[in-house]
Amino acid sequence: MKCVDDFRLRLAGRELVPIVIGGMGVDISTAELALEAARLGGIGHISDAMVPTVSDRRFKTRFVKDKLKAYKYNVANTDKSDVRFDLGHLAEATRLHVGRTMDEKRGGGLVFINCMEKLTMNAPKETLRVRLSAALDAGIDGITLAAGLHLGSFSLIEDHPRFRDAQLGIIVSSLRALQLFLRKNARLNRLPDFVVIEGPLAGGHLGFGMDWAEYDLATIVTEVREWLKVEGLNIPLIPAGGIFTGSDATAYMEQGAAAVQVATRFTVASECGLPADVQQEYFKAGEQDIEVNGISPTGYPMRMLKNSPAIGDGIRPNCEAFGYLLDSAGRCGYIEAYNNEVAKHPEAKKVTVMEKTCLCTHMRNFECWTCGHYTYRLKDTSRRLSDGKYQILSAEHIFHDYQFSKDGQIALPTVMDSVP
Ligand SMILES: Cc1cc2nc3c(=O)[nH]c(=O)nc-3n(C[C@H](O)[C@H](O)[C@H](O)COP(=O)(O)O)c2cc1C
């Protein structure tokens with residue numbers, strides 16, 4: 001019987017352990033987590049979501065304060081079209097986050113950055129160009145284009161000196177999305193170095209509608225693989241979403257996947273950015289405690305724990321400080337939803353907003369508990385301690401469990417003081 005370790009991913013002239021830890025914004029997939037994946041010979045992701053606030057928290061910069069100061073006059077205004085990112089600050093924050101991470105890299109693996117197109121930041125093209133270029137400048141090994149079709153993203157960096165040597169890939173959820181991407185970029189004569197195929201059981205935003213349950217990762221992977229074969233294209237395919245055990249991963253590898261991308265299992269790693277009390281919520285969750293809802297202002301369905309503090313919370317929009325989801329006209333679905341509730345309840349000190357959430361604020365504060373479908377199985381990956389809590393795992397333990405386990409087994413961590 002085979003295990004993941006019987007396979008290798010050939011990328012960037014290396015032979016890697018074919019395990020990719022997916023990007024989890026906002027600093028849930030921390031530098032520490034990504035660096036562990038690289039040290040162990042696989043690929044880890046940091047995320048560029050809200051990187052100025054991540055930089056403030058990590059490196060004591062003042063990007064958020066400075067932006068809020070510049071636009072303070074607009075806080076009570078419902079029109080946010082004025083609120084712009086300082087592109088110099090954005091580049092600096094990205095270079096800090098990426099540069100410091102890459103300085104710490106050890107081992108034979110790689111560190112990539114997850115870059116979401118849906119973070120439109122009131123100037124989609126300009127801000128995305130800066131984010132991508134600055135990450136390349138700072139030495140990132142590769143970029144995974146996420147959350148969007150990215151039809152113009154390659155061309156934003158085609159003149160960058162690293163455009164042809166950095167590993168550039170894209171996440172898609174359908175063959176059609178991949179075909180569109182390839183067609184749009186044909187003129188650049190540069191194929192993606194890898195394609196992550198993310199199915200409907202993943203965490204974060206889904207590339208499906210509310211009918212997500214009608215789709216199935218294995219079927220989409222087969223469709224894409226067959227099509228690439230017919231086209232004579234040799235691009236490594238990396239399935240993602242609901243791959244919970246080493247055996248799940250091995251099954252994809254045996255069918256020709258180049259690697260697997262996983263995330264949910266690592267939400268309970270000590271290197272993960274989620275606060276310890278939130279990690280216990282992930283452990284405790286049952287299947288009935290997880291939902292896919294439409295409260296993300298991006299318009300994409302998102303999976304999360306039903307007890308996420310973000311759900312229903314009616315805080316005033318924080319676009320002057322954050323504003324990552326403002327479209328090119330300075331609009332965000334949450335602003336509208338919030339204003340509607342305020343108009344309905346003019347006397348209320350605080351309103352409840354069920355329709356949308358202020359995703360910037362809540363992701364920043366770890367109050368939107370997005371998670372994969374199989375989060376309810378996390379409790380089976382650890383031990384219950386005598387204080388009733390679950391034991392937090394090391395990223396190394398989880399990584400090795402994916403790499404070496406067979407027969408659907410999940411290795412439990414070394415006993416601390418677990419309940420018998
Ligand atoms: C907590 C959490 C946050 C996530 N955030 C992002 C994100 O910011 N960008 C992205 O492209 N994917 C995001 N994802 C998706 C993962 O990168 C990954 O592809 C997917 O969750 C893999 O499926 P699994 O969680 O079932 O292993 C997130 C997943 C989780 C669990």
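For this chain, numbers begin at 1 and follow the sequence in order. Whatever order the structure lists ligands and atoms in, that order sets their numbers, starting from 1. All figures in this text were calculated on a predicted structure; none of them were measured in a lab.
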**Phe154/Phe181 aromatic ring centres below 6.0 Å** = yes
**Request:** Starting from atom 25 (O) of ligand 1, find the nearest protein heavy-atom neighbour and note its residue, name and distance.
**Result:** Thr264 OG1, 2.5 Å
**Prompt:** Taking all non-hydrogen atoms of both residues, which atom of Asn307 and which atom of Trp369 are closest, and how far apart?
**Reply:** O-CZ3, 3.4 Å
**Asked** Does any N/O atom on Gly25 come nearer than 3.5 Å to any N/O atom on ligand 1?
**Response** yes
**Request:** Using distance alone, determine whether Tyr282 and ligand 1 share an N or O pair under 3.5 Å.
**Result:** no
**Fill in**
Ranked by distance from atom 1 (C) of ligand 1, the top protein heavy atom is Thr370 O, 3.2 Å
**Request:** Write out the residue and atom name of the closest protein heavy atom to atom 17 (O) of ligand 1, then the distance separating them to 0.1 Å.
**Result:** Gly23 O, 2.8 Å
**Prompt:** Which residue supplies the protein heavy atom nearest to atom 19 (O) of ligand 1, what is that atom called, and how far is it?
**Reply:** Glu198 OE2, 2.6 Å
**Message:** Give me the residue, atom name and distance of the protein heavy atom closest to atom 5 (N) of ligand 1.
**Reply:** Met24 CA, 3.3 Å
**Prompt:** Should Gly242 be listed as contacting ligand 1, given a heavy-atom distance under 4.0 Å as the test?
**Reply:** yes
Which atom pairs, donor and acceptor, lie under 3.5 Å between side-chain atoms of residues 109-118 and protein residues at least two apart or in another chain?
unit_1, atom_1, unit_2, atom_2, d
Glu117, OE1, Leu149, N, 3.0
Glu117, OE1, His150, N, 2.7
Lys118, NZ, His205, ND1, 3.0

**Request:** Return a yes/no value for Asn114: is any of its N or O atoms, backbone included, closer than 3.5 angstrom to an N or O of ligand 1?
**Result:** yes
**Prompt:** What's the spacing between Leu87 CG and Glu92 CD if we round to 0.5 Å?
**Reply:** 12.5 Å
**Prompt:** Which one holds for Ile171 and ligand 1: side chain close, backbone close, both close, or neither close, with close meaning a heavy atom under 4.0 Å?
**Reply:** side chain
**Message:** Students should be able to answer this: which protein heavy-atom is nearest to atom 20 (C) of ligand 1, and at what distance?
**Reply:** Ala202 CB, 3.7 Å
**Item:** Protein heavy atom at shortest distance from atom 21 (O) of ligand 1
**Value:** Gly203 N, 3.0 Å
**Prompt:** Charged N to carboxylate O under 4.0 angstrom, Arg303 versus Glu291?
**Reply:** no
**Asked** Going by the order shown, which atoms of ligand 1 are within less than 4.0 Å of some heavy atom of Ala146?
**Response** 11 (O)
**Prompt:** Is it true that Glu158 and Arg190 have a side-chain N and a carboxylate O under 4.0 angstrom from each other?
**Reply:** no
**Message:** Below 4.0 Å from ligand 1: does a non-hydrogen atom of Ser47 turn up there or not?
**Reply:** no
**Message:** Assess whether a salt bridge exists between Arg39 and Glu36, defined as any Lys/Arg side-chain N lying under 4.0 Å from an Asp/Glu carboxylate O.
**Reply:** yes
**Asked** Between His45 and Thr144, what is the shortest heavy-atom contact and its length?
**Response** NE2-OG1, 2.6 Å
**Prompt:** Under 3.5 Å, N or O to N or O, is Ala263 touching ligand 1 that way?
**Reply:** yes
**Salt-bridge present (Lys80, Glu320; N to O < 4.0 Å)** = yes
**Message:** What I want to find out is whether Arg58 reaches Glu32 closely enough, with some N-O distance under 4.0 Å, to be called a salt bridge.
**Reply:** yes
**Item:** Residue part near ligand 1, for Met116, under 4.0 Å between non-hydrogen atoms
**Value:** side chain
**Item:** Partner residues of Arg8 under the side-chain hydrogen bond (donor to acceptor under 3.5 Å, both in side chains) criterion, sequence neighbours left out
**Value:** Asp5
**Request:** Find the distance between CG (Leu359) and OG1 (Thr370) and round it off to the nearest 0.5 Å.
**Result:** 9.0 Å
**Message:** If we count only N and O atoms by modelled type, under 3.5 Å, do the side chains of Asp248 and Thr245 hold a donor and an acceptor together?
**Reply:** yes
**Message:** I'd like to check which ligand 1 atoms, numbered from 1 as shown, lie under 4.0 Å from a non-hydrogen atom of Gly22.
**Reply:** 17 (O)
**Prompt:** When you look for heavy atoms under 4.0 Å from ligand 1, do you find them on the side chain of His45, its backbone, both, or neither?
**Reply:** neither
**Message:** So, regarding Ala240 and ligand 1 (criterion: nitrogen or oxygen to nitrogen or oxygen, under 3.5 Å), is there a contact or not?
**Reply:** no
**Asked** Going by distance only, is there an N or O of Gly241 that falls short of 3.5 Å from an N or O of ligand 1?
**Response** yes
**Prompt:** For ligand 1, is there an N or O atom under 3.5 Å from any N or O atom of Tyr402?
**Reply:** no
